[in-house]
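One structure is given below, encoded as structure tokens.
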Amino acid sequence: MAITDLRQFIQLLEKENDLLRISDEVDLKFDISGYIRNTSDVEGPALLFENVKGYSMPVVGGLFSSRRLMLKAMETTEEDAVIHYQNAMKNLSEPQLVNSGPCKEVIKLGAQASLSDFPIPIHSELDSGPFITAGVAISKDIEDGGKNASIYRFEQQAERQLGVLSPIPHHLGLHYQKAEALGKPLEVAIAIGVSPAVLICTQWEAAYGVNELTLAGALQGQPLEVVKCETVDLEVPASAEIIIEGLMYPEKRQMEGPFGEFTGYYTSAYPKPFLEISAITHRKDAIFQTALTGLPTTDNHVLKMIPMEASCYAFLKQRFPGVNKVHFHGAGGVGLLAVVSIKQHTKYEARNMLATMISAQGTKLVIAVDEDVDVFDMDKVMWAVCTRSQADKDLIVLPRTAAFQLDPSVPEVGVTTTMGIDATKPYGEEFEEVTTIPGAEKLPDILKLWKK
Ligand SMILES: Cc1cc2nc3c(=O)[nH]c(=O)nc-3n(C[C@H](O)[C@H](O)[C@H](O)COP(=O)(O)O)c2cc1C
Ligand SMILES: [Mn+2]
């Protein structure tokens, strides 16, 4: 069954005992993010907060707090996830325009619209205020109409004002830059509480001008239904819980931040553009969705993993057919740490692959392992590093390359050093035998026995 809205995903999680309802009263300030922090750290259930202090609207969060939940959202398995995502990228489908949808049950225009109606959480200690963290911003190029849909953080600055972080070359930032250069306001709509496919499609690193929403239909196995907005010329997912519409005017800035980011550190405050809200529409019994960002691993990291792995796998496979699996580990936040398993066909093939990754991909640490090592199991990856590599011959260091902006360890802005560790067995040489226990995999599942 295709999941086409947030509620169906919540139902699925509840049915599979992966949703916990929190009926104790929670405060918007730190309680919701605290609970999500804790469930993220134990790869626990997604959370539905039914009793948010001062609000009748529930909040759902942590829906992507672990890879297990992400796989459920994609209705796939670990084995098939990357292929599933790649197949979807090959079968894009235009969103289907429909006349109306649940997101139009309540329509509030102009001064009727207010962010105070919505339980927007405050996440980390030094955050400047409440942030919408699971909103998909939809906008288009003011000249050629090319569309974009992606997740950006939005700071609640006033009743009808949201600060926007979309630094160039991110596409909302480019849309705004173009509109501003022409002295015109940019129309933006933000969809909150959408089908998992809509959130996941936004993490596809699609080229400028490509509408990420064309991937959502392919991911969810049926066309994405969209409706026209009330006050801006944009189309938004019909089944969304909440839609915020507004304009980003040229030459206007306000201080935004700090905010606890996915690096595990705060990004500091500086003046940024903002959205002036022209309308809010929502379901009658809307559910507000939030996502945690912060010290790995959080929703923010998990949402990016499979899309990044799918792109990187396709890139590496062209040049290195022996590449088996690619995993971007959350600790690298997500782009800075990758593990690649490879079946080598020539001596030093893994080294060539590492050199490619640490230069072309800008990943700070890439570890190559043999096919018998599970790239998702860091214990086994580190075992391979400790028992199959020697630093004097298996470490590749590439000094002075372009840096990921938010890495606080860089010696100067924009500059970093990347490295690769070849933890594969030497090609074509005898190596020690790995210990195994014959038939262990055929014995009854311990966890199932234990739970009985
Ligand atoms: C939960 C979450 C929050 C994010 N917040 C931001 C943000 O505030 N600003 C930003 O530029 N990118 C943010 N991103 C990353 C972008 O969504 C991602 O890089 C996307 O591919 C950019 O799309 P674009 O190339 O269309 O701009 C976030 C991602 C996730 C999963
Ligand atoms: Mn884009």
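Fair warning: this is a prediction, and the values are worked out from it, not measured in the lab. Along the sequence shown, the residues carry numbers beginning at 1. Counting starts at 1 for both ligands and their atoms, in listed order.
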Test item, Asn148 contacting ligand 1 (heavy atom, 4.0 angstrom): yes
Check against ring-ring contact (aromatic ring centres under 6.0 Å, His included), Tyr208 and His175: CA-CA 10 Å; Tyr208 184 77; His175 282 176; 5.6 Å; yes
Shortest non-hydrogen contact from Gln157 toward Leu162: OE1-C, 3.9 Å
Nitrogen or oxygen atoms of Ser166 and ligand 1 under 3.5 Å apart: no
Location of contacts on Leu199 toward ligand 1, heavy atoms closer than 4.0 Å: neither
Polar contact flag for His170 and ligand 1 (N/O pairs, less than 3.5 Å): yes
Contacts of the Mn ion (ligand 2) with protein N/O/S atoms, counting only those under 2.8 Å: Asn148 OD1, His171 ND1, Glu212 OE2
Flag, side chain of Arg160 to backbone of Ala111, donor-acceptor distance under 3.5 Å: yes
Numbering as shown, the atoms of ligand 1 that approach Thr202 to under 4.0 Å (heavy-atom distance): 20 (C), 21 (O)
Least distance between heavy atoms, Val232 atom then Gly246 atom: CG1-O, 3.7 Å
Nearest-neighbour protein heavy atom for atom 9 (N) of ligand 1, which is reported as residue plus atom name and distance: Leu165 O, 2.9 Å
Flag, side chain of Ser150 to backbone of Thr202, donor-acceptor distance under 3.5 Å: yes
Asp31 and Lys53 ion-paired at < 4.0 Å: no
Glu205 N/O to ligand 1 N/O under 3.5 Å: no
Parallel, tilted or perpendicular: ring planes of His170 versus Tyr152, cut at 30 and 60 degrees: tilted
Partner of Ser195 by side-chain hydrogen bond (donor to acceptor under 3.5 Å, both in side chains), out of Gln8, Arg7, Gln220: Gln220
Pair Glu235 + Lys147, salt bridge at N-O below 4.0 Å: yes
Aromatic plane relationship, Phe259 with His123 - under 30° parallel, 30 to 60° tilted, over 60° perpendicular: perpendicular
Min heavy-atom dist Glu212 to ligand 1 below 4.0 Å: yes
Shortest non-hydrogen contact from Cys229 toward Ala189: SG-CB, 3.8 Å
Passing option when Ser40 is tested against Ser66, Ser65, Pro296 for side-chain contact (heavy atoms from CB on, under 4.5 Å): Ser65
Polar contact flag for Asp299 and ligand 1 (N/O pairs, less than 3.5 Å): no
Check: Ala206 N/O within less than 3.5 Å of ligand 1 N/O: no
Distance from atom 18 (C) of ligand 1 to nearest protein heavy atom, with residue and atom: Gln203 OE1, 3.5 Å
Face-on cation placement of Lys272 at Phe274 ring, 6.0 Å and 45° thresholds: no
Asn300, portion touching ligand 1 at heavy-atom distance under 4.0 Å: both
Contact check: Thr133 vs ligand 1, nitrogen or oxygen atoms, below 3.5 angstrom: no
Side chain Ser128, main chain Gly257, donor-acceptor under 3.5 Å: yes
Nearest-contact summary for atom 17 (O) of ligand 1 - protein heavy atom, Å: Ile151 O, 2.8 Å
Those atoms of ligand 1 less than 4.0 Å from some heavy atom in Arg153: 5 (N), 6 (C), 7 (C), 8 (O)
Close N or O approach (Glu261, ligand 1; < 3.5 Å): no
Numbering as shown, the atoms of ligand 1 that approach Pro167 to under 4.0 Å (heavy-atom distance): 11 (O)
Partner of Met305 under side-chain contact (heavy atoms from CB on, under 4.5 Å), chosen from His327, His329, Gln203: His327
Proximal candidate to atom 22 (C) of ligand 1 [heavy atom criterion; set Ala149, Ser139, Ser150]: Ser150
